[in-house]
Every structure is written in structure tokens, then in C-alpha cells.
Amino acid sequence: MKIFKKSFAIALCLLLTLTCLAGCHEKGEIAVTIGEVEFTSGYYSCALVFADSDARAMVEDQLSEEGDLPDEIKYWNYEIEKTDYVKWVEDKAIKNLRKLAAVKTLCDKAGVTLDAETISLSDSNADYLWDYYNYSSLMQENGVSKETFKQYMRDGYLTDAYFEHLYGKDGDKEIAAETVSKQLSDNYILVNAIEVSFSGLTDDEKTEKKNQLATYESVLKEGSKTFEEIYIEYNNLSTEDHKHDEAEDGESHPQDYHATVWGSEDTDYSSDHYKTAKEMATGEIKLVTLDDNAGLVLIVKKDIMADPYYLEDLDTVLRYAIEGENYEADIVKQGDALSCDINTFSTKQFKVKKIKYPELTYSY
């Protein structure tokens with residue numbers, strides 16, 4: 001009997017030890033391997049969180065079209081693109097990892113790396129999101145370290161770097177300069193503008209604003225004042241204190257620091273006033289009353305093609321608008337062709353329905 005008890009105790013101890021080891025996840029363990037690129041469990045979780053954020057936004061868009069958003073949304077009760085919510089998020093995370101694996105593989109073959117300046121920019125942006133937009137809480141709650149988050153951000157910049165390698169100046173698939181220029185002239189404009197919202201203003205205050213901007217329109221047309229002069233006056237600035245940031249050595253700068261870029265609706269610079277200003281002649285000045293008398297906008301149309309700064313500053317944006325869809329499709333195709341091994345022991349700990357969101361995802 002004593003021998004039996006002793007043997008049972010040893011067996012029980014061994015079983016508990018094995019159970020403990022089976023449930024432990026080592027730091028840096030590999031969760032997904034795509035081609036020859038390995039992704040840790042933390043990196044997988046990061047991809048899952050971003051995929052879930054995209055999915056939530058899509059559900060909210062659907063619900064907004066139907067009416068006001070409910071106070072509490074059980075996202076996983078909805079389908080996205082006719083697919084179960086949880087499955088869509090899991091598939092999206094793997095699709096994103098496949099794309100990153102394809103980019104990493106292609107960059108290795110082509111010798112494309114991030115330069116020190118880009119790495120610094122990426123890390124600075126990651127630090128800002130982590131510290132000031134409370135991504136630290138969002139990510140750490142879901143098993144993602146700051147280093148993993150920073151690497152995820154860097155890999156996004158690597159995707160841009162490979163695009164530039166292909167379609168940028170002197171790239172393997174360089175886009176002709178005339179095509180890039182046409183993209184700028186067709187979809188972007190340059191203006192000086194002062195916008196006024198009537199929200200919360202009394203009738204007297206609205207009248208005062210109308211008179212003020214009407215006066216600005218007149219003096220600009222007369223040529224008795226420059227836009228900078230009325231800008232300083234409108235914003236109650238001191239002429240002595242109103243300084244423009246000087247460009248550092250090697251940096252370009254716009255000819256007019258008060259100029260604003262407006263783009264068509266399919267651009268990142270889209271403006272509600274784009275169509276109105278697009279139809280104006282260069283140099284034309286117009287005071288526009290917004291729909292439903294919601295406010296005013298004073299517009300001075302400029303020539304965006306006359307300042308070489310914008311063609312240079314928006315170069316990658318313009319090229320991506322031209323070839324971005326083809327690039328994305330090719331990267332997806334390359335990623336789908338790679339083998340994919342998912343270590344379910346590592347990934348099963350991350351459940352879509354258990355992704356934690358802190359109450360605030362940003363701070364000031």
C-alpha cells in the first residue's frame with residue numbers, strides 16, 4: 001500500500017508538472033510561420049487587434065446607415081462581407097501577416113531596408129501612439145509589448161519602402177513623371193482659405209462674420225491687402241510674432257506658407273469645397289456661403305503646379321494613387337503563394353471575443 005501511494009504521488013506530481021508546462025507560453029514563441037518569415041504570438045495578437053478594430057468600424061458603419069448606434073454592440077453577432085464576424089477577423093489577421101511576409105521576403109531579395117531616418121520616424125510615431133493615444137493599454141491588455149508594436153509599425157513603413165523601390169524615381173516599374181504631374185493637376189488644388197462656422201453663433205455674430213469676410217473679399221480683389229495680412233488680422237496675431245518655420249538645410253518648403261491643399265473625394269486631402277474651388281480660375285477670389293447657411297468660406301484659388309514643392313512633397317501619395325491597387329494585388333498574390341504554418345497552441349490563447357478595449361484609447 002505504501003508503495004502504491006508513493007507511486008501515485010510521483011505520477012500525480014509528474015502529471016501536474018506536464019500540465020503546467022503545457023499551459024505556459026514562452027516569451028517570443030513563434031505563432032505563425034509564412035514562407036520563411038516567423039511571427040511571434042505577440043505579433044499575431046497585434047495583427048488580430050488591428051483586424052478586429054477594422055471589423056468593428058465596418059459594423060458601426062453598417063449600423064449608422066440604419067440609424068443611431070446602440071449603446072452596446074455585440075459585434076460578433078454581425079456578419080462582415082457575408083462572413084461570420086470572428087472568422088472574418090481571424091482570416092483578416094492572417095491575410096495581413098501573409099502580406100507582411102511577402103513584403104519582407106521581397107525586400108530581402110531586393111536588398112530593400114529602412115534607412116535610419118525612416119526608422120526614427122516610425123519609432124517616434126509608435127511612441128506617440130503608445131504614450132499619448134493610450135495604445136499601451138490597448139496592446140498590453142492583449143499581450144502585445146511595446147517592442148512588438150514598434151516592429152509592427154516599422155513593417156508598415158517597409159511596405160511603403162518596397163512600393164517606392166518598384167514605382168518611385170529610378171524604380172523597377174517607375175511611373176512616368178508626366179503621369180505623376182497629371183495626377184496632381186487632376187485631383188488636387190491649392191488655395192488660401194478662411195472658413196467660418198455659424199454653429200453656436202447668434203444672428204448678430206453671424207452678420208458680423210459675414211461683413212468681416214465680405215470686407216476681406218473686397219480688399220483682396222482690390223489688392224490693397226495680401227492674404228497674409230488678413231490672415232494675421234482675422235486670427236488676432238501679432239505681425240512681429242507671426243513667424244514661419246524655416247526649412248532646414250536640404251529641406252524644401254512651400255512658396256506660400258498659408259496655402260492649403262484640397263483634394264478630390266478619393267484622396268486623403270478631400271475637402272467639401274474642392275469642387276467649388278476646382279472650377280475657379282487661378283487668382284480668382286470668391287466668398288462662398290455654405291449649404292443651409294452653415295457658414296462661410298473665403299477662397300483664393302492658386303496654381304498648385306506653379307510650386308514644385310507639392311509635386312515633391314506628394315510624390316509617393318500620387319504614385320500610390322496611380323499604381324497602389326496593382327501593387328496591393330501583387331503583394332496579396334505573393335503572400336497567398338507562401339506556405340503558412342499556424343501554431344494553434346500559441347494562437348488559441350487569443351480569442352476575438354475576448355479582445356480587451358480600454359475605455360479610453362487616447363489621452364492628452
Side-chain angles (χ1 to χ4, degrees), residues 23 25-62 74-109 112 122 126 129 135 138-163 324-357:
H25 294 273
E26 295 182 5
K27 181 180 179 181
E29 68 181 355
I30 302 304
V32 182
T33 303
I34 300 176
E36 297 182 0
V37 181
E38 296 179 332
F39 299 100
T40 64
S41 57
Y43 199 104
Y44 169 78
S45 180
C46 190
L48 197 69
V49 169
F50 277 113
D52 186 63
S53 296
D54 289 343
R56 287 180 174 230
M58 293 172 75
V59 169
E60 289 170 8
D61 286 343
Q62 292 174 20
K74 291 187 177 180
Y75 295 92
W76 44 85
N77 288 344
Y78 297 89
E79 287 189 343
I80 299 179
E81 298 175 343
K82 298 181 180 180
T83 303
D84 172 74
Y85 182 94
V86 171
K87 186 177 188 312
W88 188 93
V89 172
E90 292 174 342
D91 289 348
K92 177 69 171 179
I94 294 299
K95 284 179 182 178
N96 288 342
L97 293 183
R98 279 186 175 277
K99 288 167 63 177
L100 289 172
V103 169
K104 285 174 173 285
T105 301
L106 291 166
C107 284
D108 284 343
K109 289 181 180 179
V112 175
S122 175
L129 291 173
Y135 271 62
L138 173 63
M139 291 299 168
Q140 287 176 330
E141 285 281 354
N142 294 289
V144 183
S145 69
K146 186 174 184 179
E147 285 307 308
T148 297
F149 177 67
K150 291 177 82 167
Q151 185 60 54
Y152 194 92
M153 292 284 288
R154 285 187 187 183
D155 290 343
Y157 279 86
L158 191 63
T159 302
D160 295 340
Y162 190 68
F163 174 84
E325 287 188 11
N326 290 333
Y327 174 68
E328 290 284 343
D330 188 49
I331 292 300
V332 168
K333 183 178 178 181
Q334 297 272 358
D336 288 345
L338 298 172
S339 60
C340 181
D341 178 32
I342 301 175
N343 178 4
T344 55
F345 171 72
S346 295
T347 59
K348 69 181 180 182
Q349 61 182 307
F350 303 109
K351 306 290 187 184
V352 173
K353 292 183 180 180
K354 293 185 177 180
I355 292 176
K356 300 175 183 177
Y357 286 87

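The shown structure was predicted, so the numbers you read here are calculated from the model rather than taken from an experiment. In this chain, residues are counted from 1 in sequence order.
Evaluation of the side-chain hydrogen bond (donor to acceptor under 3.5 Å, both in side chains) rule for Glu147 yields no partner, not counting sequence neighbours. Residues passing the side-chain hydrogen bond (donor to acceptor under 3.5 Å, both in side chains) test with Arg98: none are found, sequence neighbours excluded. Applying the salt bridge (charged side-chain N to carboxylate O under 4.0 Å, His left out) test to Asp91 and every residue at least two apart in sequence or in another chain returns Lys87. Glu60 is linked by a side-chain hydrogen bond (donor to acceptor under 3.5 Å, both in side chains) to Tyr75, counting only residues two or more places apart in sequence or in another chain. Applying the ring pair (Phe, Tyr, Trp, His ring centres under 6.0 Å) rule to Tyr327 yields the partners Phe163; only residues at least two apart in sequence or on another chain are considered. For Tyr157, there are no ring pair (Phe, Tyr, Trp, His ring centres under 6.0 Å) partners two or more places apart in sequence or in a different chain.
In terms of heavy atoms, Ile355 sits closest to Asn142 at CA-OD1, 3.4 Å.
At least one side-chain heavy atom of Val103 sits under 4.5 Å from a side-chain heavy atom of Ile331.
Ring planes of Phe149 and Phe50: parallel class, angle under 30° (limits at 30 and 60°).
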side-chain contact (heavy atoms from CB on, under 4.5 Å) between Val37 and Thr105: does it pass, once the steps are laid out? CA-CA 8 Å; Val37 181; Thr105 301; 3.8 Å; yes

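Taking 4.0 Å as the cut-off between side-chain N and carboxylate O, Lys104 and Glu36 do not count as a salt-bridged pair.
Ile80 contributes atom CD1, which lies 10.0 Å from atom NZ of Lys92 (distance to the nearest 0.5 angstrom). The CG atom of Asp330 sits 12.0 Å away from atom NZ of Lys99, with the distance rounded to the nearest 0.5 Å.
Using modelled atom types and a 3.5 Å distance limit, the side chains of Asp155 and Tyr43 yield a donor-acceptor pair.
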